[in-house]
Amino acid sequence: MEPMSGPYYIRGAVALPEAELTWRFTRSSGPGGQHVNTSDSQAELRFDLGRTEALPEVWKSRALDRLATRLVDGTVLVVRASEHRSQWRNRETAAVRMASLLAEATAPPPPPRRKKKVPRGVNERRLRQKKQRSEVKRGRTGRGWD
């Protein structure tokens, strides 16, 4: 098996650990020519989040939490790619997809939103516009047009 075209970085200097990735290749679904029945071009990439030593503990727990619905057997993340006809390109796509999924899942949570008081002018302007709008709509009724 040829090596992947490079380390796929998750965030910072942390990359997908090639030793911990498991590849499986199957036939892609859909139409095709004579070639389709003989080539296993669909790539399936598996990564055991629970057992990995490559990710910092904080990242690992964050990812396990956020990807809980996608995990197989509670800890294994599976990514499939079959959009290309070549197995090599599908492998690249699957690896890139896995890295971006992990990058998203391990990202720190956004800072909490701080509530701010709505300025009085903003409130007054809104109420004035509402009143104007209601006047316009009331003017459209046919009352008083006798």
Exercise. So which of L49, D48, L71 actually passes side-chain contact (heavy atoms from CB on, under 4.5 Å) with V76?
Worked result: D48

Problem set entry | Distance-minimising heavy-atom pair for V14 and A54 | CG1-O, 3.8 Å

For this session: Output, in order, the C-alpha distance, side-chain angles, deciding distance and verdict of side chain to side chain contact (heavy atoms under 4.5 Å, CB included) for E92 and Y8.
Result: CA-CA 10 Å; E92 291 285 308; Y8 291 94; 2.6 Å; yes

For this session: Check the pair R62 / E104 against salt bridge (Lys or Arg N to Asp or Glu O under 4.0 Å), numbers first and verdict last.
Result: CA-CA 10 Å; R62 233 183 255 159; E104 217 172 280; over 6 Å; no

For this session: Rounded to the nearest 0.5 Å, what's the gap from CG on L45 to CG on L101? Could you check?
Result: 10.5 Å

Exercise. How long is the gap from CG on L77 to CG on L102, to the nearest 0.5 Å?
Worked result: 5.5 Å

Exercise. Given the rule that I, L, V, M, F, W and Y join up when any side-chain heavy atoms are under 4.5 Å apart, are L64 and L21 in one cluster?
Worked result: yes

Exercise. Does the side chain of N123 pick up a donor-acceptor pair with the side chain of R120 at under 3.5 Å?
Worked result: no

Exercise. So how far is it from W59 CH2 to R66 CZ, rounded to the nearest 0.5 Å?
Worked result: 11.5 Å

For this session: I would like to know whether R11 and L55 meet side chain to side chain contact (heavy atoms under 4.5 Å, CB included); could you show each step before the answer?
Result: CA-CA 10 Å; R11 254 194 10 263; L55 299 179; over 6 Å; no

Exercise. Passes side chain to side chain contact (heavy atoms under 4.5 Å, CB included), R128 versus K131? Steps please.
Worked result: CA-CA 5 Å; R128 205 170 30 252; K131 193 155 226 109; 5.8 Å; no

Exercise. Applying the 4.5 Å side-chain criterion to the ILVMFWY set and letting contacts propagate, would V96 and M98 be lumped into a single cluster?
Worked result: yes

Exercise. Quick one: CD on Q87 to CG on N90, what's the gap to the nearest 0.5 Å?
Worked result: 8.0 Å

Problem set entry | Cluster overlap L16 with F25, hydrophobic side-chain contacts below 4.5 Å | yes

Exercise. Looking at OG of S41 and CZ of R91, how far apart are the two atoms once the value is rounded to the nearest 0.5 Å?
Worked result: 13.0 Å

Problem set entry | Verdict with supporting geometry, Q42 and R80, side chain to side chain contact (heavy atoms under 4.5 Å, CB included) | CA-CA 7 Å; Q42 175 175 282; R80 281 189 193 90; 3.7 Å; yes

Exercise. Would you say the side chains of T26 and D40 form a donor-acceptor pair under 3.5 Å?
Worked result: no

Exercise. Roughly how far, to the nearest 0.5 Å, is the NZ atom of K130 from the CD atom of E135?
Worked result: 13.5 Å

Problem set entry | Hydrophobic cluster membership, W23 vs F47, 4.5 Å side-chain cutoff | yes

Problem set entry | Shortest non-hydrogen contact between T52 and K60, atoms and distance | O-NZ, 2.8 Å

Exercise. Is it true that atom CZ of R126 has more than 12 heavy atoms of other residues, nucleotides or ligands lying nearer than 6.0 Å?
Worked result: yes

